Amino acid sequence: MASGIPNAMERPHFIGIGGAGMSGIAKILAQRGAKVAGSDAKESATADALRALGATVHIGHAAEHLADDASCVVVSSAIRADNPELARAAELGVPVVHRSDALAALMRSSRTIAVAGTHGKTTTTSMLAVALTELGLDPSYAIGGDLAGPGTNARHGDGDLFVAEADESDRSFQKYDPDVAIVLNVELDHHANYASMDEIYESFEAFVAKIPSGGTLVVGEHAGARELAARVSGRPDLTVVTVGEDEGADFRIRSITPHGMTSEVTVVLPDAGEITFTVSVPGRHYAHNAAAALAAGVRTGLDPAGLAHALTAYTGVGRRLQLKGEAKGVQVIDSYAHHPTEMTADLEAMRAAAGDRRLLVVFQPHLFSRTQELGTEMGRALALADASVVLDIYPAREDPIPGVTSAMITDAAEAAGARVTAVHDKASVPDVVAGMAAPGDLVLTMGAGDVTDLGPRILARLSD
């Protein structure tokens with residue numbers, strides 16, 4: 001793969017450089033030799049990793065953090081218009097580049113696999129990155145989470161393959177033109193940016209339209225993904241490949257056999273042969289992600305048997321049913337799930353893995369808009385746990401919406417028969433969980449916000 005630095009990105013400044021997507025692009029540019037700088041709200045392991053690559057990372061946002069010789073400023077959709085570094089860029093006449101445009105520029109001249117869908121993007125992208133690395137193909141990749149193996153969310157490789165997570169939340173995935181695209185599922189989410197399913201489909205259709213002639217679209221068996229496939233079926237120059245447990249799937253999942261925290265998966269290939277391999281995370285949805293990764297790799301010309309074996313090297317990604325540790329016989333696991341479909345999938349997976357053990361959940365709702373639209377469904381999902389603690393809403397980039405609180409979730413959970421406790425002081429959660437948990441229990445911290453910080457604190461409290 002060409003290792004050059006895109007025009008105007010020789011000295012980039014990233015506002016919010018510690019974010020999952022932003023830090024990945026910054027790492028790749030630093031590895032290619034760019035003079036990278038940026039700022040973030042707080043110190044983090046990501047900031048330290050960037051500094052180790054030679055990047056300059058400022059803590060806090062201030063106009064003086066932007067160097068006079070910066071060649072561009074990279075932003076995400078989360079950066080507000082009144083950011084002082086953004087204002088300084090306007091004064092200096094420094095070009096402002098959206099994160100998605102920067103990533104699109106990095107992917108040019110590579111054979112690209114882009115992974116899209118409402119759920120499962122990070123896991124599936126990670127599976128491909130690990131497998132391609134295991135095969136010695138030295139891929140480049142940009143992922144929305146940290147791999148458990150390589151321990152990073154992005155890397156510049158010397159191979160000709162680039163695997164990227166394609167984010168639909170702000171329509172930025174429409175900037176990419178992948179040779180192979182995966183769409184795992186299509187559901188209504190990101191309510192601040194999409195008003196209806198029609199808008200969601202239109203956005204995904206625009207993404208698929210960027211696949212060049214002769215490219216491939218891999219779709220999961222989710223109804224929304226299959227509807228998308230039907231909507232784009234008029235393109236004779238596009239190969240659509242289906243993956244799923246249904247009889248008509250091109251890559252048919254014949255069986256998924258759970259073994260505690262792993263699964264054995266058998267996939268029937270289009271040529272009628274079949275392959276069995278191990279997925280090192282529990283749950284049917286992760287088996288489906290692995291099958292989609294297999295299909296995409298095969299469509300890029302990889303040997304099915306070799307790729308399937310390489311997929312067994314995937315050991316997980318941060319926050320996707322990640323085991324944080326065990327104390328006094330209680331295991332603590334972290335989940336990024338924040339949409340009801342994701343919550344249900346992870347809870348069902350952990351329910352199966354728990355067997356006769358109790359499953360306790362600490363759930364933090366993410367975004368006021370999502371809670372307003374899907375709070376009832378979130379509460380119903382929590383009924384799959386033996387008991388749950390629900391925190392206040394993590395606002396992220398949003399301002400509060402009057403009348404929208406986590407009570408919408410706890411009320412729905414109680415109506416569904418769940419045992420649920422509202423806790424408004426996050427600092428008290430370790431004490432609450434320690435009072436609930438007993439040896440043999442599984443504790444699942446769940447949500448896209450800072451609930452992940454509670455895992456180590458819960459373990460420390462249990463140890464006490």
Side-chain angles (χ1 to χ4, degrees), residues 113 115-117 119-135 143 145 147-149 163 165 180 182-185 216 218-223 225-226 241-300 302-317 320-323 333 335-337 341-342 344-355:
I113 303 174
V115 184
H119 325 291
K121 296 184 291 293
T122 297
T123 297
T124 308
T125 311
S126 301
M127 287 176 169
L128 277 165
V130 169
L132 296 177
T133 301
E134 185 74 6
L135 289 170
I143 309 170
L147 289 171
V163 185
E165 183 173 333
V180 177
I182 300 174
V183 175
L184 299 163
N185 36 59
T216 299
V218 177
V219 294
E221 72 174 15
H222 182 269
R226 295 299 171 86
V241 174
T242 56
V243 178
E245 297 179 63
D246 51 308
E247 286 291 334
D250 298 312
F251 284 73
R252 182 170 68 86
I253 303 172
R254 186 172 66 78
S255 64
I256 302 171
T257 306
H259 296 290
M261 292 294 285
T262 67
S263 297
E264 184 179 84
V265 184
T266 298
V267 178
V268 180
L269 304 175
D271 62 3
E274 69 177 41
I275 291 175
T276 298
F277 59 101
T278 298
V279 178
S280 298
V281 281
R284 303 189 77 82
H285 55 308
Y286 290 114
H288 279 249
N289 293 343
L294 177 68
V298 170
R299 287 298 302 175
T300 63
L302 301 181
D303 171 62
L307 179 56
H309 177 72
L311 283 167
T312 65
Y314 172 79
T315 56
V317 63
R320 273 66 178 179
L321 296 187
Q322 179 186 17
L323 179 63
I333 297 162
S335 163
Y336 187 71
T341 301
E342 298 165 347
T344 299
D346 275 7
L347 286 168
E348 287 178 344
M350 294 312 304
R351 181 87 275 164

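Numbers here simply count residues along the sequence, with the first being 1. In this text the structure is predicted, and so the values were computed from the model without any measurement.
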Which heavy atom in [X] sits nearest to a heavy atom in [Y], and how many Å separate them?
X      : Y      : result
Thr242 : Gly248 : OG1-O, 4.0 Å
Gly260 : Ala353 : O-CB, 3.8 Å
Asp346 : Ser335 : OD2-OG, 2.7 Å
Pro282 : Ser263 : CA-OG, 4.2 Å
Thr262 : Ser280 : CG2-CA, 4.0 Å
Ala308 : Ile275 : CB-CG2, 3.2 Å

Can you tell me if [X] uses its side chain to pair, donor with acceptor, with the backbone of [Y] under 3.5 Å?
X      : Y      : result
Thr123 : Gly120 : no
Glu274 : Thr266 : no
Thr344 : Thr341 : no
Arg226 : Gly220 : yes

Can you tell if the side chain of [X] reaches within under 4.5 Å of the side chain of [Y], non-hydrogen atoms only?
X      : Y      : result
Leu135 : Leu307 : yes
His288 : Val243 : no
Tyr314 : Thr278 : no
His285 : Asn185 : no
Leu269 : Phe251 : yes
Phe277 : Val267 : yes
Glu245 : Ile256 : yes

Spacing of [atom1] belonging to [X] relative to [atom2] belonging to [Y], to within rounding of 0.5 Å:
X      : Y      : atom1 : atom2 : answer
Glu247 : Arg254 : CD    : CZ    : 11.0 Å
Leu128 : Ile113 : CG    : CD1   : 5.0 Å
Thr276 : Glu264 : OG1   : CD    : 5.5 Å
Ile143 : Thr122 : CD1   : OG1   : 8.0 Å
Glu165 : Thr125 : CD    : OG1   : 5.0 Å
Leu132 : Thr300 : CG    : OG1   : 7.0 Å

request  = Check Leu302, Val265, Leu311 against Leu294 for a side chain to side chain contact (heavy atoms under 4.5 Å, CB included) and give me the one that passes.
outcome  = Leu311

task = Please say which of Val183, Asn289, Thr124 ends up in a side chain to side chain contact (heavy atoms under 4.5 Å, CB included) with Val115.
result = Thr124

